[in-house]
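First up is the structure itself, then whatever we jot down about it.
Treat the numbers as computed from the prediction; the structure is a model and nothing was measured. The chains referred to below are lettered A, B, ... by the order of the sequence lines, with proteins before strands, and numbering in each begins at 1.
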Amino acid sequence: MPAVQAPSARRLSRADFNRPTLLVARDLLGKYLVRRERGHTRAAMIVEVEAYKGPADRAAHTHGGRRTPRVEPLYRDGGTAYVYLCYGIHWLLNFSTVGEGKPECVLIRGIAIGDDDDADFLLGPGRITRHLGIDRHLDGADVTVSDRLWVEDRGVRIAPRAVRRGPRVGVDYAGPHWAGKPWRYQLIAPRR
DNA sequence: TCTAGGATCGGCT
DNA sequence: GCCGATCCTAGAT
């Protein structure tokens, strides 16, 4: 694993995040989440995400235009990290999308760890943050410039047939209309 | 100030 | 399949 950034890698920029949320979500599959901590760098390919579409979406933290100190990062420009504690135990990582003042985001739910040829899927938003050492200290970070957390395009291209769409997890409280939206994107797991 | 509940996970039956 | 852990946030009082 390269110490800083693979020569063929391109860090995702503001323009990559300032796009419609469903497109950003789909395109994050196959990108690499890079975490740099105490001079040590780890990277893992993103294999599962969910989209949350702002004020209209009853499953989103910003539904109805809710704006509290906790969700403030979601109102910032695309590429801002929103990290919050869920169930008192798990840190969940999101990236804001669309643009400043538009509180939509993508939740990172799964990554692939290990060698490219022999990778295991680490699934579950609380598990990946624990694995990468992501917590409240990264809340509000701008991942287009941060030296602690960013996303790289390493040239992996995902075929449409390799993507499964389905309803989001754990949002039944939003009612059938919103809970039923197929805004969860998964790479189909490799056969082992 | 008080209280309810949550974008989860792992262990147990 | 069920349940408890654990604590912060948001809304009510």
Side-chain angles (χ1 to χ4, degrees), chain A residues 17 19-29 31 33 35 42 44-99 101-114 119-141 143 149 151 163-189 192:
Chain A
F17 290 102
R19 295 188 298 138
T21 303
L22 297 185
L23 294 181
V24 176
R26 166 63 178 78
D27 286 351
L28 279 175
L29 294 179
K31 300 300 186 293
L33 192 58
R35 171 77 172 116
R42 275 172 294 177
M45 192 176 75
I46 297 169
V47 300
E48 183 176 338
V49 299
E50 281 176 0
Y52 287 86
K53 285 174 63 65
D57 181 0
R58 287 197 50 137
H61 287 175
T62 51
H63 74 84
R66 192 170 59 167
R67 188 163 188 166
T68 62
R70 181 178 67 150
V71 300
E72 199 60 34
L74 294 175
Y75 284 84
R76 295 197 209 145
D77 221 349
T80 304
Y82 169 51
V83 183
Y84 76 96
L85 185 64
C86 184
Y87 295 106
I89 302 172
H90 305 289
W91 294 100
L92 270 59
L93 170 67
N94 303 253
F95 296 125
S96 71
T97 56
V98 186
K102 306 286 187 184
E104 304 188 19
C105 67
V106 176
L107 168 68
I108 308 300
R109 292 191 58 90
I111 56 179
I113 55 179
D120 275 315
F121 279 14
L122 180 64
L123 302 177
R127 299 175 75 198
I128 67 152
T129 54
R130 191 178 60 183
H131 180 79
L132 293 173
I134 291 168
D135 63 16
R136 73 173 77 206
H137 295 106
L138 288 163
D139 186 38
V143 301
L149 181 69
V151 183
V163 178
R164 177 180 294 136
R165 292 186 68 182
R168 295 171 292 180
V169 176
V171 294
D172 287 348
Y173 61 84
H177 178 75
W178 293 103
K181 295 281 187 187
W183 291 350
R184 177 189 190 187
Y185 298 78
Q186 303 166 270
L187 272 191
I188 293 169
R192 299 302 310 270

Whole-Å distance, A:Leu85 CG to B:dG6 P, equals 15 Å
When the distance from OH of A:Tyr185 to C1' of B:dA7 is rounded to whole Å, what number comes out?
16 Å
So, does A:His90 get its side chain near the phosphate of B:dA7, meaning an N or O under 4.0 Å from OP1 or OP2?
no
Specify the separation, in whole Å, of atom CG of A:Leu74 and atom P of B:dA7.
13 Å
Return the minimal non-hydrogen interatomic distance between A:Val143 and A:Phe95, and the atom names on each side.
CG1-CE2, 3.6 Å
What integer distance in Å separates A:Glu72:CD from C:dC8:P?
20 Å
When we call it a touch if two heavy atoms are under 4.0 Å apart, what does A:Ile89 touch: a base, just sugar-phosphate, or nothing?
base
Please state whether the phosphate of B:dC9, meaning OP1 or OP2, lies under 4.0 angstrom from any side-chain nitrogen or oxygen of A:Arg130.
no
Return the value, rounded to whole Å, for the distance between atom CH2 of A:Trp91 and atom P of C:dC7.
11 Å
Distance below 4.0 Å between A:Arg70 side-chain N/O and C:dA10 OP1 or OP2:
yes
Contact under 4.0 Å: A:Arg66 side-chain N or O vs C:dG11 OP1/OP2:
yes
Among A:Asn94, A:Leu107, A:Val106, which one satisfies side-chain contact (heavy atoms from CB on, under 4.5 Å) with A:Glu50?
A:Leu107
Return the nearest nucleotide to the side chain of A:Val71; candidates are B:dG6, C:dA10, B:dC9.
C:dA10
Closest to the side chain of A:Val169, out of B:dT8, B:dA7, C:dC8, is B:dT8
Round to the nearest Å and state the distance from A:Leu107 atom CG to B:dA7 atom P.
10 Å
OP1, OP2 of B:dA7 versus side-chain N and O of A:Tyr173: anything below 4.0 Å?
yes
Apply side-chain contact (heavy atoms from CB on, under 4.5 Å) to the pair A:Val24 and A:Glu104, showing each step before the final yes or no.
CA-CA 11 Å; A:Val24 176; A:Glu104 304 188 19; over 6 Å; no
Given B:dG10, is OP1 or OP2 found less than 4.0 Å from the side-chain N or O atoms of A:Arg127?
yes
Check for me: is A:Tyr52 stacked on B:dA7 by the 5.5 Å centroid and 30° plane-angle rule?
yes
Value for OH (A:Tyr75) from CZ (A:Arg66), rounded to nearest 0.5 Å, stands at 9.0 Å
Counting only Watson-Crick pairs (N1-N3 plus N6-O4 or O6-N4) and G-U wobbles (N1-O2, O6-N3), all under 3.5 Å, who is the partner of C:dA5?
B:dT8
Take the protein atom CD of A:Glu104 and the nucleotide atom C1' of B:dA7, then report the distance between them rounded to whole Å.
16 Å
Nucleotide of C:dC8, B:dA7, C:dG11 approaching A:Tyr82 most closely (side-chain heavy atoms):
B:dA7
Under the 3.5 angstrom rule, does the side chain of A:Arg76 hit a backbone N or O of A:Ser96 as a donor-acceptor pair?
no
Whole-Å distance, A:His131 NE2 to B:dT8 C1', equals 18 Å
Considering only atom P, compute the distance from B:dC2 to C:dT6 and round it to an integer number of Å.
23 Å
Mind jotting down which residue pairs meet the side-chain hydrogen bond (donor to acceptor under 3.5 Å, both in side chains) criterion with at least one end in residues 170-184 of chain A? Sequence neighbours excluded, please.
A:Glu48-A:Arg184
